[in-house]
Amino acid sequence: MGLYAITTELPGRNHLDIAEAAIQGGAKVIQYRDKFSTNRRMYDIAKSLRRMTEEAGVKLIINDRVDLVLAVGADGVHLGDDDFPLKLTREMLGPEYIIGISATSIDEAVVAYRDGADYIGVGPVYHTDSKKCSVPPIGVEGIAEIKIMVANMPIVAIGGIGVDNIDEVLAIKPDGIAVISAISAAADMVEAARALNEKIQNAAVLD
């Protein structure tokens with residue numbers, strides 16, 4: 001998966017700005033994550049993101065919203081604890097859509113693996129203020145343990161990862177690195193994405 005950029009909204013920056021910069025910097029996956037907009041506004045944004053990602057050959061994942069995935073023809077959905085169960089979502093979407101699951105522990109990761117997720121977003125690796133999370137960071141050691149328990153399942157590391165600590169995470173060889181503020185809050189979003197992607201690509205070459 002490589003660099004997996006999750007959009008948010010900050011003063012002066014919207015979902016489309018962040019997605020465009022991330023794609024220019026080399027992101028392979030864009031996740032549209034929006035907890036505040038109306039259904040109509042989310043549909044309009046998702047439709048624009050779908051157009052942008054299709055033109056760039058980048059995957060579009062929608063956070064939480066199965067209906068939006070179907071409405072705009074996104075590549076898949078990412079589910080958390082409060083969303084539809086994975087098995088039900090698979091029945092609704094069928095096998096051709098990607099379903100990602102958040103996991104904060106080995107037990108959650110094993111359940112996601114057993115129930116047929118396509119990838120697992122594991123974290124938080126480090127402390128982060130980007131998402132409200134009631135569990136402590138699992139660290140790179142926790143990611144490494146989960147990789148062993150769910151071998152063959154793609155793992156995306158998330159939570160507090162930036163250019164200053166990404167090397168430590170890449171050392172355990174996750175399949176993807178997901179970031180929010182490392183791109184969206186950067187002074188130069190394109191350069192921030194490019195720096196992260198360069199480290200990911202260099203690590204892949206060394207494998």
Side-chain angles (χ1 to χ4, degrees), residues 1-8 10 18 22 25-31 33 35 59 61 63-64 76-83 86 98-186 189 191-207:
M1 287 185 178
L3 180 59
Y4 182 125
I6 302 174
T7 68
T8 185
L10 297 174
I18 295 164
K28 305 302 182 192
V29 182
I30 298 295
Q31 184 192 126
R33 181 175 184 271
K35 300 289 188 182
K59 298 291 186 189
I61 303 295
N63 190 61
D64 301 341
V77 66
H78 188 89
L79 303 174
D81 290 342
D82 296 329
D83 300 319
L86 193 159
I98 298 167
I99 301 179
I101 293 288
S102 293
T104 60
S105 67
I106 291 176
D107 288 346
E108 290 179 0
V110 169
V111 170
Y113 177 72
R114 183 196 64 199
D115 289 349
D118 292 300
Y119 74 91
I120 307 174
V122 181
V125 183
Y126 305 107
H127 172 77
T128 176
D129 293 322
S130 296
K131 291 176 67 176
K132 290 182 179 178
C133 189
S134 58
V135 298
I138 63 172
V140 292
E141 300 82 5
I143 300 281
E145 288 182 43
I146 288 174
K147 272 182 62 69
I148 293 171
M149 296 298 294
V150 297
N152 302 321
M153 169 70 72
I155 296 289
V156 178
I158 183 170
I161 302 171
V163 72
D164 294 335
N165 59 16
I166 191 173
D167 289 336
E168 183 183 35
V169 184
L170 289 171
I172 59 170
K173 299 180 173 54
D175 300 279
I177 297 287
V179 299
I180 302 177
S181 59
I183 294 176
S184 62
M189 294 193 290
E191 184 53 38
R194 188 169 290 143
L196 291 165
N197 187 53
E198 185 175 314
K199 285 184 173 287
I200 293 169
Q201 297 307 314
N202 288 341
V205 168
L206 294 174
D207 280 348

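- Taking CD1 from Ile61 and CG from Asp118, the interatomic distance works out to 8.5 Å, rounded to the nearest 0.5 Å.
- The CD1 atom of Ile99 sits 13.0 Å away from the CD1 atom of Ile120 when rounded to the nearest 0.5 Å.
- Partners of Ile138 under the side chain to side chain contact (heavy atoms under 4.5 Å, CB included) rule, at least two apart in sequence or in another chain, are Val122, Ile143, Ile146.
- Taking every heavy atom of both residues into account, Leu86 and Ala117 meet most closely at CD1-CB, 3.5 Å.
- From Lys35, atom NZ reaches atom CG of Asn63 across 4.5 Å, with rounding to the nearest 0.5 Å.
- The nearest pair of heavy atoms linking Ile183 to Ile18 is CG2-CG2, 4.4 Å.
- With sequence neighbours excluded, the residues forming a side chain to side chain contact (heavy atoms under 4.5 Å, CB included) with Ala186 are Ala192, listed by chain and number.
- One finds the CD1 atom of Ile158 at 3.5 Å from the CD1 atom of Ile6 (value rounded to the nearest 0.5 Å).
- Distance check, rounded to the nearest 0.5 Å: CD1 of Ile177 to CD1 of Ile161 gives 4.5 Å.
- Closest approach of Ala193 to Leu3, counting heavy atoms only: O-CD2, 3.5 Å.
- Residues satisfying the side-chain hydrogen bond (donor to acceptor under 3.5 Å, both in side chains) criterion with Ser184, sequence neighbours excluded, are absent altogether.
- Sorted by first and then second residue, the salt bridge (Lys or Arg N to Asp or Glu O under 4.0 Å) pairs involving residues 150-172 (not counting sequence neighbours) are Asp167-Lys199.
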Check the pair Ile101, Val111 against side-chain contact (heavy atoms from CB on, under 4.5 Å), reporting the backbone distance first and the verdict last.
-> CA-CA 10 Å; Ile101 293 288; Val111 170; over 6 Å; no
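- What you find for Gln31 and Tyr4 is that their closest heavy atoms are NE2-OH, 2.8 Å.
- Residue Val150 comes nearest to Ala109 through the heavy atom pair CG1-O, 3.8 Å, listed as atom of the first residue, atom of the second, then distance.
- Two residues are said to be in side-chain contact when any heavy atoms from C-beta on lie closer than 4.5 Å; Pro174 and Ile172 meet this criterion.
- Between the NE2 atom of His78 and the CG atom of Asp64 there is a distance of 8.5 Å, given to the nearest 0.5 Å.
- The side-chain hydrogen bond (donor to acceptor under 3.5 Å, both in side chains) check on Asn197 picks up Gln201, with sequence neighbours excluded.
- Contact record, Leu196 with Gly162: CD2-C, 3.7 Å, taken as the closest heavy-atom pair.
- A donor-acceptor distance shorter than 3.5 angstrom exists from the side chain of Asp175 to the backbone of Ile155, with no hydrogens or angles considered.
- Applying the side-chain hydrogen bond (donor to acceptor under 3.5 Å, both in side chains) rule to pairs touching residues 136-156 yields nothing, sequence neighbours excluded.
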